[in-house]
Amino acid sequence: TLFTKRNFVVSYKQTILGPAWIFLTPLFSSIVQAFVFGGIAGIETDGVPMLLFYLTSNAIWNYFSTCLTNNASTFTGNAHIFGKVYFPRLTTPISNVLSSIIRFGIQMILVLVFMVYFLWQGTVDPNWLAWLCIPLELIHLGILGMGFGIIISSMTTKYRDLTVLVDFGVQAWMYLTPIVYPLSTVTEGWMRNLVMLNPVTPAVEMMRYAILGKGTIDFGYYGLSWGITLAV
């Protein structure tokens, strides 16, 4: 609990708007994405209002990416604590995941505000029963992000150059995941297979299917994603 509180408070310490950035950052990003990818590039969003589509996608991706990037510095960032007292070492990466869940929950409040409006307009049809899958997918993405983060962290203790590449790698990973585009826009072939082999893709599609009622569920790739997650 103390580590989770520390992670959350330190993130917004000495900022003027504080935790309000949890709302503002995905909102601004979603507006820009809707303009660039939806308006200029003309990418369809499976009939879901563009702003709601990007708000939901960003909330899911931000959760996974923060689980990964925050844990990518677990060993170097907590070396002073690890060297002084003994405690279960998984405490720090798990606390990073828990603080990311808190941020996800706050961002989902923003998603729900817009969803109420679009429900009133009749332009969105969430799959309410599938919302029961959301906690499972939070665990899924949390374990995956934490696992990759710990692996990277163990490598950066010797090769500090990797810390520079983490942000670039996460950004590239985002474009390999259907975040700024729906999976339905990826045509059949090697490109679709590559996107589906990405272990984050099935989890994102399951979350979006629950929240927005639109998504592509392939249980074969979904099982493979869980296999990769547990292996990592």
Does a donor on one side chain sit under 3.5 Å from an acceptor on the other, for Gln107 and Asn58?
-> no
Could you walk me through whether Lys214 and Asp125 pass the side-chain contact (heavy atoms from CB on, under 4.5 Å) check?
-> CA-CA 8 Å; Lys214 299 288 185 179; Asp125 184 24; over 6 Å; no
Looking at CE of Met50 and OG of Ser30, how far apart are the two atoms once the value is rounded to the nearest 0.5 Å?
-> 13.0 Å
Minimum heavy-atom distance Met115-Leu212, with the two atoms named = CE-CD2, 4.1 Å
In sequence, state the C-alpha distance, the side-chain angles, and the governing distance for Val97 and Asn71, and then conclude on side-chain contact (heavy atoms from CB on, under 4.5 Å).
-> CA-CA 8 Å; Val97 173; Asn71 281 312; 4.1 Å; yes
Nearest 0.5 Å please: distance from the CG atom of Leu55 over to the CD1 atom of Ile60.
-> 11.0 Å
Partner residues of Trp120 under the ring pair (Phe, Tyr, Trp, His ring centres under 6.0 Å) criterion, sequence neighbours left out | none
Criterion side-chain contact (heavy atoms from CB on, under 4.5 Å) on Ile211 and Met108, from CA distance to verdict = CA-CA 10 Å; Ile211 298 171; Met108 279 302 296; 4.0 Å; yes
Do you know which of Thr56, Thr177, Leu183, Asn198 makes side-chain contact (heavy atoms from CB on, under 4.5 Å) with Val204?
-> Thr177
Euclidean distance, Leu68 CG relative to Ser153 OG, rounded to 0.5 Å = 10.5 Å
Donor-acceptor pair, Tyr63 side chain versus Leu138 backbone, under 3.5 Å?
-> yes
Heavy-atom pair with the smallest gap, counting every atom of Arg192 and Val186 = NH1-O, 3.0 Å
Locate the shortest heavy-atom distance separating Met174 from Val180; write the atom from each residue and the value.
-> CE-CG1, 4.2 Å
Say you draw a straight line from SG of Cys67 to CE of Met146; how long is it, rounded to the nearest 0.5 Å?
-> 8.5 Å
Exam field: side chain Tyr181 to backbone Tyr175, donor-acceptor pair closer than 3.5 Å = yes
Please check if the distance between the ring centroids of Trp173 and Phe148 is under 6.0 Å.
-> yes
Might you point out which heavy atoms bring Pro182 and Thr45 nearest each other, and give the distance in Å?
-> CG-CA, 4.1 Å
Check the surroundings of atom CH2 in Trp128: do more than 12 heavy atoms from other residues, nucleotides or ligands lie under 6.0 Å from it?
-> yes
Calculate, to the nearest 0.5 Å, the distance between atoms CD1 and CD1 belonging to Ile134 and Ile139 respectively.
-> 12.5 Å
Quick one: pull up NE2 in His140 and CZ in Phe64 and give me the separation to the nearest 0.5 Å.
-> 9.5 Å
Where at least one partner belongs to residues 202-211, residue pairs that pass side-chain hydrogen bond (donor to acceptor under 3.5 Å, both in side chains), sequence neighbours excluded | Ser57-Arg208, Asn127-Tyr209, Glu205-Arg208
So, for Val170 and Trp61, which heavy atoms are closest and what is the spacing to 0.1 Å?
-> O-CZ2, 3.3 Å
